[in-house]
Protein chains: 2
Amino acid sequence: MPKKIRIKDIARLAGVSAGTVDRVLHNRGNVSTKARQAVEAVLEKVDYKPNIHVSALSLKRTYKIVITTPVVSPGEYWESIHHGFRYAKEAYSNLKLTIEVLTYNQYDIFSCREMFRQIAEMEMDALIIGPTFHNETYTLCEKMDERNIPYIFVDSNNDGTHPLAFFSSDHYMCGTLMAKLITSLIPVDSKIGILHAVRVGNQSANSTILRKRGFMDYISKQEAAYQVLRIPFSVEEPKNNESYLSRFFSVHHDIPGVVVMNSRGNYVANYLHSNQIHDVKMVCLDLTTPNVEALKKGRIDFLIGQEPEYQGFRAMKTMLEHLIFNKPVKRENYVQLDILTRENIGFYKRFNNIML
Amino acid sequence: MPKKIRIKDIARLAGVSAGTVDRVLHNRGNVSTKARQAVEAVLEKVDYKPNIHVSALSLKRTYKIVITTPVVSPGEYWESIHHGFRYAKEAYSNLKLTIEVLTYNQYDIFSCREMFRQIAEMEMDALIIGPTFHNETYTLCEKMDERNIPYIFVDSNNDGTHPLAFFSSDHYMCGTLMAKLITSLIPVDSKIGILHAVRVGNQSANSTILRKRGFMDYISKQEAAYQVLRIPFSVEEPKNNESYLSRFFSVHHDIPGVVVMNSRGNYVANYLHSNQIHDVKMVCLDLTTPNVEALKKGRIDFLIGQEPEYQGFRAMKTMLEHLIFNKPVKRENYVQLDILTRENIGFYKRFNNIML
DNA sequence: CCTATTTTTGTGTACGTACACAAAAATACA
DNA sequence: TGTATTTTTGTGTACGTACACAAAAATAGG
């Protein structure tokens, strides 16, 4: 077992002092070419891994990180992502961190535009973005690129930008998986109800669209001729949903399976239950509190999880380790698509134990 | 934000020196009743969380941990558990650890008995056990209890013993889940082939038996009348398996689904493929390399994962934090039952990112 | 009451890194 | 060449904990 190499060891091997090694490691400048080369030569040879816990302990300066995401509601998807942020912050509680959370209304493009305009001018060391509107996000990122401030996406990537990294599920594959699951539950050639709300004002290839594409591509590749029927639904304006659903299910009273591609599956599941419409198999998205309840009660058959806590945790962790320890970063990070049933939901850890 | 409380702070509040606080925290003795009470009173009030990274840094003594599990083969279940052990060891690489791995032949009770006899007498600070044979494990644990050496199980618990903790899947629920999945794939009232090898010499309620029970209980609760057929198979003596399988499938050529409750699902999947028997849905266990391949090729429909890397990681981590930092331990730890398909297997992280 | 012994308590150092500051070397300029 | 200035380098301290060791207090024994 090779002994751990320390800064002091590198200094000795390079014939310089520890201070010089430190300056080279952190690009602090004020190092002669000769000394730099000597240190770099040693670094080439040895496998130096700084003890990040000690680094954190010795760190003096304060880092400021800004987070912007859609508004957070209890028990919902974005709350889980924020849990991840907080958990990472605790894991690095010996660092001196200032974290500012700024949320926008994901159903109001003007709210987002105004918030992003402010953020673009703020003092900060790094930015974490939960994007919704493509153009607004793009504009913000352009500004960040200009100012040389690193940013990381959670939930989705945003085309044309240059993030340090993103943590997201593969939305297309998510749709494919949902198709696979619903078709395994229902007879061949039958109808499938599909509910996906496209957000007004969002011109981008957003996650729901990608999911739908993955879904339809899978269906069309099957030998069986499924009939996919769109169920009207609006997350923004819930008042009409009851009537949308009742109209749909009175026409298609024989529909054997429904897929919901946003996190409101519980709404449909509970509608069906309270209207005594049984035997409709359901595949839904996200472990929101009401969805999990519906799953446990057997009103939803499969629920897909996108590791939101993990996304938040990793985004924050990656950013901190980049900023402070200069750790190399993997840019593309697709998270697991967890398949949950009432049988295995109880063991799903989310957060209690997983990290650190 | 409340400032972090340190040993020094506790000392000041209790009117003693840092050394005394240290002695109380670590039960090192040589503390007057008065001083102890003063310190304990302060500890009641404040939320002291030692900085375990610094603790590790300051630690002088070496800890020895013994691991015993079945023999490890490349790409198989137990190798993943050992990956977890190693990963945890790396995560705590600033600790002074001596780890001794002693494996036994899980198909030879005498090999196990002899190995455990030796282990019972060895010098060590802690033991991690991957149990197979109930009585042999029980005897070893009795000895450990006597010697006051803590032990943790991975993969299964062992009745009647007193482990510090165990990390295992809920095997009964695993069987239930497999039943749920296979019945969702095949027509009602059809036949199901089930393959589960009971190990010779293992009288205990072992994991396979529990899985079978969970499976059968689920099936018998269904309205549909499935017919469950046992497929003969021997992991220990593979030479007859080919003929077992050919006999079974020639009789039951119309069987629509097969469940394999040990990790050899790929064997059946590939048999079916090479004998042009298609349209047999398969639900199998464990992400061994050959199983994952069969899943990706579409020869297996659902694969259940039991987080073996996580089991190993957590077992080691829990033991270290107990031994060294005196961290409170949760005894019962059931791991996730991950449902994998060819669609989501690619995102399954196992180890690359998860921990630390 | 004094000394010897034991118990209790406090102090100091190491661990590996960041960074401030002082010291030394190199360079500029007269 | 000598002094001033800048660049480069080395040293020392802090961070929070474990633990060795020395100092102080309490107790025992005569």
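Order of the sequence lines fixes the chain letters, A, B, ..., with proteins taken first and strands second; residue numbering starts at 1 for each chain.
Between A/Tyr92 and A/Tyr87, the distance separating the two ring centers is not shorter than 6.0 angstrom.
Not one N or O on the side chain of A/Tyr63 forms a donor-acceptor pair closer than 3.5 Å with the backbone of A/Ile99. Side-chain N or O atoms of B/Glu307 include one that pairs as donor or acceptor with a backbone N or O of B/Gln336 at under 3.5 Å.
Within the nucleic acid shown, B/Phe325 has no heavy atom closer than 4.0 Å to any nucleic acid atom. Among the heavy atoms of the strands lying under 4.0 Å from B/Asn51 are primed sugar atoms or P, OP1, OP2 only; no base atom is included. In this structure, B/Ala56 reaches neither bases nor backbone, as no heavy-atom distance under 4.0 Å exists between it and the strands shown. Across all strands, A/Arg28 comes closer than 4.0 Å only to sugar-phosphate atoms, never to a base (heavy-atom distances).
The footprint of chain A on DNA chain D, defined by a heavy-atom cutoff below 4.0 Å, extends from D/dT8 to D/dG16.
Computed from C1' positions of five pairs at each end, the angle between the two local axes of the helix from C/dC1-D/dG30 to C/dA30-D/dT1 equals 50°, rounded to 10 degrees.
Summary of the strand contacts: B/Ala18 and A/Arg36 both lie near DNA chain D, and taking for each the nucleotide with the nearest heavy atom, the more 5' one is attributed to A/Arg36. Toward the 5' end of DNA chain C, the nearer of the two residues B/Leu57 and B/Ala35, judged by each one's closest nucleotide, is B/Ala35.
A salt bridge is defined here as a Lys NZ or Arg NE, NH1 or NH2 lying under 4.0 Å from an Asp or Glu carboxylate O, and A/Lys64 with A/Glu100 meets this definition.
For the atom pair CG of A/Asp125 and CD1 of A/Ile149, the computed distance is 8.0 Å after rounding to the nearest 0.5 Å.
Using cut-offs of 30° and 60° for the angle between ring planes, the A/Phe347 and B/Tyr334 rings count as tilted. Taking the six-membered ring where the residue is Trp, B/Tyr104 and B/Phe116 present perpendicular rings, their angle passing 60° and hence far from 30°.
Not a single side chain to side chain donor-acceptor pair (under 3.5 Å) links A/Arg36 to another residue, sequence neighbours left out.
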